[in-house]
Amino acid sequence: GKGLFTYDPGFVSTAACESKITYIDGEKGILLHGGYPIEQLAEHSDYLETCYLLLNGELPNAEEKEKFVSIVKNHTMVHEQMSHFFNGFRRDAHPMAIMVACVGALSAFYHDSLDINDAHHREVCAFRLIAKMPTLAAMCYKYSIGQPFMYPRNELGYAENFLHMMFGTPCEEYKPSPVLAKAMDRIFLLHADHEQNASTSTVRLAGSSGANPFACISSGIAALWGPAHGGANEAVLTMLEEIGDEANIPEFIERAKDPEDPFRLMGFGHRVYRNFDPRAKVMKATCDQVLAELGVEDEPLLKIAKRLEQIALEDEYFVERKLYPNVDFYSGIILKAIGIPTSMFTVIFALSRTIGWISHWNEFHSSPNRIGRPRQLYTGPQKRDYPA
Ligand code: SDX
């Protein structure tokens with residue numbers, strides 16, 4: 001071992017957790033949910049069906065899917081008093097700060113009626129969270145622009161309903177085109193779960209103490225916010241806008257390679273994937289579809305993104321380190337094209353990932369468990385006496 005103390009490699013194995021929800025092969029760029037490849041789910045499934053799969057381990061039949069969707073629709077409103085929380089925030093508060101607070105505050109509405117050892121109670125928590133995240137997310141956006149909150153309309157599909165709450169007003173209905181609604185649903189689906197990433201591990205660890213699931217999800221939102229994790233999609237757009245023109249790309253590539261410069265190429269690299277992130281490939285195809293539908297194929301940011309990707313895939317520094325575009329690289333361009341402000345990008349990621357977090361939380365509580373206690377490698381001073 002390293003440092004002052006040796007350690008038993010065996011303890012490392014206790015640090016890993018068992019799960020049957022998602023499988024990733026970083027070398028081969030494989031992502032499976034319940035054994036189904038993400039590419040096939042993106043092509044043939046939708047977000048709510050994938051939510052069912054993540055929660056139950058099997059795809060629903062038509063009847064099971066219809067029941068699942070109708071239960072979610074019965075939970076889309078939040079308690080009317082939740083709207084008072086928003087008034088405590090400045091209008092320009094980052095929406096992730098509001099989401100951490102409001103999702104955690106859901107505990108206050110459901111705390112005493114909840115037995116986390118009861119599988120049905122846990123399932124109801126999942127339904128409430130899947131259903132309410134879009135409503136709370138849209139409330140964050142409406143609050144930031146001074147428009148009234150829009151109530152969910154349950155005759156709409158999940159992604160359509162979210163876009164209605166984001167862009168509809170009491171004066172004018174918003175009806176997204178099927179291509180935009182499908183692109184939104186696909187973004188939700190592609191971000192749904194990703195094994196033991198930083199935020200999911202946070203939720204599992206918080207859940208292991210027996211904490212209220214809404215508080216656990218709030219801890220996941222907080223962990224996701226970082227630019228190295230879910231905050232990367234917002235950081236990608238900021239980076240592309242900072243680059244501004246293809247002519248400036250070489251300068252940013254050099255900065256990304258400079259060990260003295262903290263700048264990283266946002267949307268590239270991954271803790272696990274040492275190959276193309278399979279979600280990035282689907283995201284790229286969706287991006288092309290959306291921009292073509294909107295007639296903005298020549299969107300300058302997309303041209304910069306594609307040129308960046310091409311250079312990074314050829315440049316020795318990136319090739320050597322197996323730094324490929326990840327899930328965040330193209331999602332921001334799609335979200336911007338749909339009209340969603342960059343400040344809301346990580347909120348969209350949190351909305352999407354809630355099913356992953358709550359599925360892992362549920363899995364943890366579905367079998368005998370113990371509080372999590374990550375081990376450490378102590379590298380501090382040896383025992384010594386206080387000076388006489
Ligand atoms: C997500 O875990 C998950 O599954 C996360 C996620 C999910 O769905 O939950 O997939 C979502 O978080 C995707 C990642 C989004 N983050 C970004 O796009 C931010 C930019 N990426 C980097 O910060 C970085 O790649 C990480 C944080 C994603 C991964 O960090 P690692 O694995 O610790 O990478 P590393 O530090 O081991 O990198 C190895 C080398 C280093 O250089 P050397 O020290 O060997 O010389 O590659 C370099 C790094 O400096 N490097 C980069 C780089 N990423 C790594 N250099 C330039 N630009 C980058 N983006």
Side-chain angles (χ1 to χ4, degrees), residues 16-17 19 21-27 29-33 38 41-42 50 54 96 187-204 217 219-240 242-243 249-283 305 308-309 311-313 315-333 342 345-346 348-360:
C17 82
S19 173
I21 297 173
T22 289
Y23 172 75
I24 297 173
D25 180 325
E27 290 303 325
I30 292 172
L31 168 56
L32 308 177
H33 291 318
I38 188 67
L41 291 170
T50 301
L54 291 168
M96 283 296 276
I187 284 184
F188 291 154
L189 188 157
L190 291 170
H191 287 84
D193 187 52
H194 209 241
E195 203 223 61
Q196 304 307 322
N197 56 84
S199 53
T200 300
S201 302
T202 301
V203 171
R204 285 186 82 113
I217 299 301
S219 72
I221 297 172
L224 185 76
W225 193 358
H229 190 12
N233 54 14
E234 180 176 349
V236 167
L237 252 288
T238 306
M239 174 186 75
L240 293 175
E242 192 186 343
I243 292 173
I249 290 177
E251 172 208 334
F252 283 83
I253 293 281
E254 288 318 304
R255 282 187 55 197
K257 296 196 282 192
D258 177 359
E260 301 306 313
D261 188 327
F263 174 74
R264 286 278 188 283
L265 218 45
M266 289 290 109
F268 282 83
H270 197 276
R271 204 78 184 85
V272 174
Y273 288 124
R274 298 305 179 212
N275 197 323
F276 234 91
D277 180 335
R279 301 167 297 176
K281 286 182 186 169
V282 180
M283 205 68 89
L308 259 187
E309 180 188 356
I311 292 173
L313 297 181
D315 185 293
E316 185 189 334
Y317 172 94
F318 295 95
V319 172
E320 226 173 60
R321 290 167 178 80
K322 299 184 178 180
L323 301 176
Y324 294 89
N326 58 45
V327 67
D328 296 301
F329 188 59
Y330 282 102
S331 57
I333 298 168
T342 46
F345 286 8
T346 310
I348 304 271
F349 195 149
L351 185 171
S352 313
R353 185 53 57 87
T354 293
I355 181 57
W357 291 330
I358 201 67
S359 297
H360 281 272

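Atoms within each ligand, like the ligands themselves, are counted from 1 in listed order.
For the atom pair CG of Leu265 and CD of Glu309, the computed distance is 11.0 Å after rounding to the nearest 0.5 Å. Once rounded to the nearest 0.5 Å, the distance linking CD of Glu242 with CE of Met239 reads 9.0 Å. With rounding to the nearest 0.5 angstrom, the CG atom of Asp193 is 8.0 Å from the CD1 atom of Ile24. Atom CD of Gln196 is separated from atom NE2 of His360 by 5.0 Å, given to the nearest 0.5 angstrom.
Of the protein's heavy atoms, Asn326 ND2, 3.6 Å lies nearest to atom 14 (C) of ligand 1. Scanning the protein heavy atoms around atom 54 (N) of ligand 1, the nearest turns out to be Leu323 CD2, 3.8 Å. Among all protein heavy atoms, the one lying closest to atom 12 (O) of ligand 1 is His229 ND1, 3.0 Å. Ranking the protein heavy atoms by distance from atom 9 (O) of ligand 1 puts Arg353 NH1, 2.8 Å first. In terms of protein heavy atoms, atom 43 (P) of ligand 1 is closest to Arg321 NE, 3.6 Å. The nearest heavy-atom contact from the protein to atom 37 (O) of ligand 1 is Arg274 NH2, 4.5 Å. Residue, atom and distance of the protein heavy atom nearest to atom 4 (O) of ligand 1 are His194 ND1, 2.6 Å. Nearest protein heavy-atom contact of atom 59 (C) of ligand 1 is Arg264 CD, 3.4 Å.
Residues Asp25 and Leu32 fail the side-chain proximity criterion, which asks for heavy atoms closer than 4.5 Å. Residues Ser352 and Leu190 form no side-chain contact, since every pair of their non-hydrogen atoms from C-beta on lies 4.5 Å or further apart. Side chains of Ile221 and Met96 form a contact here, defined as non-hydrogen atoms less than 4.5 Å apart. Between Phe345 and Val236, the closest side-chain pair of non-hydrogen atoms is not below 4.5 Å.
Heavy-atom minimum distance, Met266 versus Ala232: CB-O, 4.4 Å. Nearest heavy-atom pair, Asp277 versus Arg279, reported as atom, atom and distance to 0.1 Å: OD2-NH2, 2.7 Å.
Donor-acceptor pairing under 3.5 Å is lacking for the side chains of Thr50 and His33. Side-chain polar atoms of Asn233 and Ser331 form no donor-acceptor pair below 3.5 angstrom.
Between His270 and ligand 1, at least one pair of N/O atoms sits closer than 3.5 Å. Between Phe268 and ligand 1, an N or O atom pair is found at a separation short of 3.5 Å. By the 3.5 Å distance cut-off applied to N or O atoms, Ala232 is not counted among the residues near ligand 1. When only interatomic distances are considered, the shortest N/O to N/O separation between Ala228 and ligand 1 falls below 3.5 Å. The N/O atoms of Gly267, backbone and side chain alike, include one that comes under 3.5 Å of an N/O atom in ligand 1. The shortest N/O to N/O separation between Asp328 and ligand 1 does not fall below 3.5 Å.
Residue-level proximity to ligand 1 for Ala235 is absent, since no heavy atom of it falls below 4.0 angstrom.
The aromatic ring centroids of Tyr273 and Tyr324 lie 6.0 Å or more from each other.
Atom 26 (C) of ligand 1 is not flagged as protein-proximal [any protein heavy atom, distance under 4.0 Å]. For atom 33 (O) of ligand 1, the nearest protein heavy atom is under 4.0 Å away. Within 4.0 Å of atom 39 (C) of ligand 1, not a single protein heavy atom is present.
Among Phe252, Phe318, Tyr324, Tyr317, the residue whose heavy atom lies nearest to atom 48 (C) of ligand 1 is Tyr317. When Leu265, Leu190, Thr200, Asp261 are ranked by how near their heavy atoms come to atom 60 (N) of ligand 1, first place goes to Leu265. Across the listed options His191, Arg279, Arg271, Arg271 owns the non-hydrogen atom lying nearest to atom 30 (O) of ligand 1.
Near Ala256, meaning under 4.0 Å from one of its heavy atoms, ligand 1 places the atoms 56 (N), 57 (C).
Contact analysis leaves Ala198 out of contact with ligand 1, as no non-hydrogen atom separation drops below 4.0 angstrom.
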